[in-house]
Participant: 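Sharing a structure with you now.
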Amino acid sequence: MLAAPTLVTAAELTAAPDARADVPSPEITELVDLNDVLTAAALPTSGLVTVRVDEDGTVSFALPRAEVGQGITTSTAMLIAEELDVPVARVRVTLADARPELLFNQLTGASNTTFATFTPIRVAAALAGRRLRGAAAAGWGVPVSQVRLRAGAVVGPGGRSAGIGAFAKDAAAVRTERADVALKPRGDFAVIGRPHGRVDALAAVTGRKRFTMDLDVPGALPTMVCRPPTINGRVRSVANADEVRAMPGVTDVVEIPTGVAVRAATFGRCVDAVRALEVSWAPGTAEGKSDESVRESLRAAEPPIVLPPLTKSVEGRFTFHFRGNSALEPNCAIADVRDGRAEIWSSLKSPVVARQTIAAALGLPVGAVTVHVTEGGGSFGRKLFFDAALEAARISQKTGKPVKLMWHRADDSRQGRAHPMATSRVRIGYVGNTVVGYQQRHTGVATDLGHGLGEVFTALAAQLPVGDIGFAQTFFHLSQSLPYDFGANSRLLNEVDKGFNTGSMRNVYSPDVACARELVVDRLAAAMGRDPMEFRRDFLRDERSRAVLDKAAEVGGWGRELPEGVAQGIAFHSEYHSRNAVLVELDCRPETVDRPIRDGVGGPRVTRAVVVVDVGLTVNPRGLEAQMLGCLMDGIAQTLTSSLHLRDGHFLEASWDNYFYTRQWNTPPEVQVVVMPDTTGHPGGAGELGVAAAMAAVACAYGRATGTMPTSFPINHGTLSFEPKPTVPPVPASPTDGLDGLR
């Protein structure tokens with residue numbers, strides 16, 4: 001407790017999360033999974049998160065995670081409102097600056113935020129409530145047992161009542177002290193578990209929500225970078241730097257490790273300058289590589305599969321092409337590096353690591369670098385990387401001026417983060433009606449985990465049941481589970497080729513791994529003469545999983561009659577203590593597949609989708625529904641339309657107009673999301689959960705509708721429906737339709 005005009009309380013937890021080490025299962029994830037690891041890593045510093053009650057009766061909380069549209073500021077406000085019994089509207093949740101003392105407690109990823117902070121935030125809020133009640137009791141001269149919190153007020157016997165702000169100062173203490181607190185029982189929840197609109201919705205739709213590019217940092221001018229024509233190329237020389245420096249509005253032209261930076265009066269002037277630069281480039285790290293050459297290297301690196309003799313088997317081999325990891329908000333950052341100090345503004349999921357890396361790159365002590373975490377317009381794992389913040393810091397240091405750096409759309413498609421290309425081979429052995437073995441070999445271009453997760457694994461290596469294996473293999477084993485009782489099973493990851501800029505795209509390995517698995521499960525069900533849904537149900541490990549699958553089949557009308565060329569697909573996925581089943585109906589009739597689409601590829605269309613989700617305890621059902629809708633769109637995209645084409649060391653896509661994420665013409669007109677009742681009493685992971693089952697369900701529907709199991713994703717990758725934009729200059733010209741006055 002801190003003596004101040006405000007009451008500040010912090011949570012200190014003395015018990016670890018519930019252990020499940022006694023579960024007799026060959027599945028590592030039933031003993032400990034990635035979410036457990038991240039929660040354990042955050043636990044030692046959970047006592048440093050604070051809830052503040054101000055004298056005006058508002059409650060403030062600096063969330064040590066990144067809000068990028070997933071709704072965690074809303075769910076966090078709900079947790080605090082529940083324990084303090086205040087209206088959600090009076091809780092102000094902001095994002096904390098980089099706080100090195102939080103260590104791994106300031107890393108956003110793996111659907112971990114609500115899972116890890118559910119108890120610490122509630123404890124901090126409950127401690128504040130305890131102190132407020134004590135201060136009111138002392139002031140009124142009544143027993144504390146007769147004082148309650150109600151709707152933002154402290155109430156006592158005899159009709160006494162005052163807003164919580166009236167006791168904020170008296171409730172503060174001059175020393176740190178240990179205190180026990182009882183959290184509100186689930187049966188008394190009035191906020192948690194009830195649908196609530198986003199606390200930032202009005203600001204978002206009225207344009208008042210402030211993202212990085214909305215900030216007005218004095219002197220920070222628009223800045224862009226001229227980037228190489230191939231992945232990770234390097235500058236050899238610049239032939240016309242002085243001429244470009246003399247262009248209207250241009251203030252600076254400087255070289256940085258990733259290209260040539262231009263600072264100018266407007267972004268239009270930056271685009272003109274970037275296009276005018278004449279740069280000689282050294283080869284990049286993917287020079288000469290193409291989809292075909294990468295696929296060949298992956299096939300060559302695939303580990304072998306061996307099943308016991310005298311068994312029948314079904315098998316599938318699948319290719320998953322590169323996918324773009326570009327959020328709707330362009331990659332951006334603001335930096336002011338002067339006089340031996342640096343100040344950075346950016347949407348960052350690993351701000352502590354960013355701060356350390358930027359300090360080292362600038363040659364400054366870590367204490368001289370301040371990193372402000374701003375809200376972000378999307379991430380999908382992209383904002384785990386802080387390349388824009390690092391670039392902005394380097395440019396500001398070289399120019400001695402503040403900069404407002406924004407990547408062009410073409411930059412992020414071609415030089416940003418991509419989901420790695422991968423192959424996956426699955427073989428399932430069976431004897432009669434018994435499944436005796438499951439093996440999967442997933443081989444991919446290396447996933448870059450150098451954004452903070454690797455440090456977590458290193459710190460906890462001795463406590464993890466995965467042996468002495470690398471970061472990616474650890475991530476893989478702790479995030480992948482086989483939900484079916486398929487006898488002896490093994491799943492191995494092998495990664496090759498670190499020449500690409502890859503990232504932990506939403507759900508990381510799970511969409512590809514689960515898609516391959518569920519397609520072969522369909523094939524196995526057919527080989528045994530079984531209905532695909534009933535087959536899954538019989539082999540699922542637990543009743544909770546079966547309930548989710550049953551609900552999807554019930555709501556979706558599994559097995560209902562459909563026209564020829566239209567089929568249902570169903571898939572199941574579990575991770576991070578949560579369960580998800582998706583049922584879709586896919587139209588593969590010629591009139592649908594061949595329909596004309598302007599500047600795009602038609603192909604099959606998902607016409608109906610049912611998403612059933614069980615995350616244990618749901619904090620905000622409305623927020624969970626929104627997450628599942630986003631996951632469904634991701635899954636549809638990755639199965640049908642969404643990929644990057646690699647040719648001669650660069651990706652052909654250069655913006656969202658030719659990168660075909662799910663569009664309106666591919667969005668199902670009928671969607672239902674069913675949130676199951678509380679099954680565990682604690683939240684499970686939700687932010688990434690729905691992508692894998694959605695992708696797999698669409699793929700299974702395609703196989704049933706066409707009679708041919710798909711083996712390459714997305715299924716339309718072989719059709720290039722656009723004319724690739726040039727790589728030199730690296731960005732297209734600015735629009736000229738009446739916007740010249742803004743340039």
Side-chain angles (χ1 to χ4, degrees), residues 38 65-70 95 98 104 106-110 112 211-213 225 227-228 231-232 256-259 284-286 322-335 344-362 369 371-395 405-420 444-457 471-472 475 495 498-509 644 651 687-688:
L38 294 178
R65 306 295 170 106
E67 170 66 79
V68 291
Q70 75 274 49
L95 304 184
F104 306 124
Q106 205 169 4
L107 182 68
T108 308
N112 182 248
F211 300 95
T212 303
M213 290 290 98
V225 176
R227 302 183 188 277
I231 295 171
N232 295 328
I256 58 173
T258 50
T285 55
F322 287 105
R323 277 146 282 173
N325 196 5
S326 175
L328 189 59
E329 176 191 29
N331 202 23
C332 57
I334 299 174
I344 311 294
W345 295 261
S346 190
S347 177
L348 301 168
K349 285 189 166 185
S350 53
V352 174
V353 179
R355 184 173 183 252
Q356 295 167 344
T357 305
I358 290 170
L362 301 180
V369 178
V371 172
H372 305 289
V373 180
T374 60
E375 293 201 36
S379 172
F380 314 108
R382 179 67 178 92
K383 288 180 170 61
L384 278 164
F385 297 90
F386 41 86
D387 36 18
L390 180 58
E391 281 185 338
R394 282 176 161 151
I395 298 166
L405 172 70
M406 182 168 64
W407 286 34
H408 194 280
R409 291 286 184 200
D411 296 338
D412 224 2
S413 294
R414 290 179 166 171
Q415 298 291 346
R417 297 287 166 171
H419 190 74
V445 169
T447 300
D448 187 347
L449 296 174
H451 43 53
L453 282 174
E455 294 187 17
V456 174
F457 299 149
F471 294 161
F475 192 119
E495 295 194 325
K498 295 185 177 180
F500 293 90
N501 301 320
T502 58
S504 303
M505 192 172 173
R506 192 179 194 184
N507 223 197
V508 199
Y509 301 106
L644 295 169
F651 293 120
E688 303 171 290

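As the structure is a computational prediction, the values presented were derived from the model and not from experiment.
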Participant: Stepwise, does the side chain to side chain contact (heavy atoms under 4.5 Å, CB included) test hold for V445 with E495?
Facilitator: CA-CA 5 Å; V445 169; E495 295 194 325; over 6 Å; no

Participant: Are R382 and D387 within salt-bridge range, i.e. N to O under 4.0 Å?
Facilitator: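 Looking at R382 and D387, the cut-off is met.
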
Participant: Any idea which heavy atoms bring I231 and G499 closest together, and the distance?
Facilitator: CG2-O, 4.0 Å

Participant: Of the non-hydrogen atoms in L38 and G109, which two are nearest, and what is the gap between them?
Facilitator: CD1-O, 3.8 Å

Participant: Do we see a donor-acceptor contact under 3.5 Å between the side chains of E329 and S347?
Facilitator: no

Participant: Grab the two heavy atoms, one from A354 and one from L348, that are nearest each other, plus how far apart they are.
Facilitator: CB-CD1, 4.1 Å

Participant: Once you round to the nearest 0.5 Å, how far does OG1 of T447 lie from NE2 of H419?
Facilitator: 7.0 Å

Participant: Without swapping roles, check the side chain of E67 against the backbone of G376 for a donor-acceptor pair under 3.5 Å.
Facilitator: no

Participant: Compare every heavy atom of V373 with every heavy atom of P351, then report the nearest pair and how far apart it is.
Facilitator: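 Nearest heavy atoms, P351 then V373: CB-CG2, 3.7 Å.
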
Participant: Strictly distance-based, threshold 3.5 Å: is any side-chain N or O of T212 a donor or acceptor partner for the main-chain N or O of C332?
Facilitator: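 Not at all, since once roles are kept as given, no pair shorter than 3.5 Å links the two residues.
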
Participant: Evaluate the side chain to side chain contact (heavy atoms under 4.5 Å, CB included) criterion for residues L107 and L384: first the C-alpha distance (whole Å), next the side-chain angles of each, then the deciding distance (0.1 Å), finally the verdict.
Facilitator: CA-CA 8 Å; L107 182 68; L384 278 164; 4.0 Å; yes

Participant: Which atoms form the tightest heavy-atom contact between A327 and S379, and what is the distance?
Facilitator: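 For A327 and S379, the tightest heavy-atom pair comes out as CB-N, 3.7 Å.
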
Participant: How about E391 and T258: do any of their side-chain heavy atoms sit closer than 4.5 Å?
Facilitator: yes

Participant: Under 4.5 Å between any side-chain heavy atoms of V508 and E688, yes or no?
Facilitator: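 A side-chain contact under 4.5 Å exists here.
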
Participant: Which is it for I344 and F386 under the side chain to side chain contact (heavy atoms under 4.5 Å, CB included) test, yes or no, and what are the steps along the way?
Facilitator: CA-CA 11 Å; I344 311 294; F386 41 86; over 6 Å; no

Participant: Any side-chain heavy-atom pair from R409 and P330 closer than 4.5 angstrom?
Facilitator: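 Yes, close enough: below the 4.5 Å cut-off.
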
Participant: Has the side chain of K383 got a donor or acceptor atom that lies under 3.5 Å from a matching backbone atom of G378?
Facilitator: yes

Participant: Do T502 side-chain atoms and A446 backbone N/O form a donor-acceptor pair below 3.5 Å?
Facilitator: yes

Participant: Have a look at R417 and tell me which of N325, D448, D412 forms a side chain to side chain donor-acceptor pair (under 3.5 Å) with it.
Facilitator: D448

Participant: Would you say the side chain of W407 lies within less than 4.5 Å of the side chain of R227, judging by non-hydrogen atoms?
Facilitator: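 Side-chain contact under 4.5 Å: yes.
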
Participant: Any idea how F651 and F500 line up, ring-wise: parallel (<30°), tilted (30 to 60°), or perpendicular (>60°)?
Facilitator: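 Rings of F651 and F500: tilted, as their planes differ by 30° to 60°.
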
Participant: Measuring from atom CG of N331 to atom CE of M406, what distance do you get when rounded to the nearest 0.5 angstrom?
Facilitator: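 Rounded to the nearest 0.5 Å, the CG-CE separation comes out at 11.0 Å.
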
Participant: Counting C-beta onward and ignoring hydrogens, is there a side-chain heavy-atom pair between N112 and R65 closer than 4.5 Å?
Facilitator: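 Side-chain contact under 4.5 Å: yes.
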
Participant: Is there a side-chain contact between D411 and V225 in this structure, where contact means two heavy atoms from C-beta onward sitting under 4.5 Å apart?
Facilitator: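 D411 does not reach V225 side chain to side chain.
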
Participant: Rounded to the nearest 0.5 Å, how far apart are OG of S350 and CD of Q356?
Facilitator: 10.0 Å

Participant: Heavy atoms, side chains only, cut-off 4.5 Å: are E375 and V68 in contact?
Facilitator: no

Participant: Can you measure from CZ (F380) to CD (Q70) and round to the nearest 0.5 angstrom?
Facilitator: 10.5 Å

Participant: Evaluate side chain to side chain contact (heavy atoms under 4.5 Å, CB included) for M505 paired with R323, printing each intermediate quantity in order.
Facilitator: CA-CA 9 Å; M505 192 172 173; R323 277 146 282 173; 4.2 Å; yes

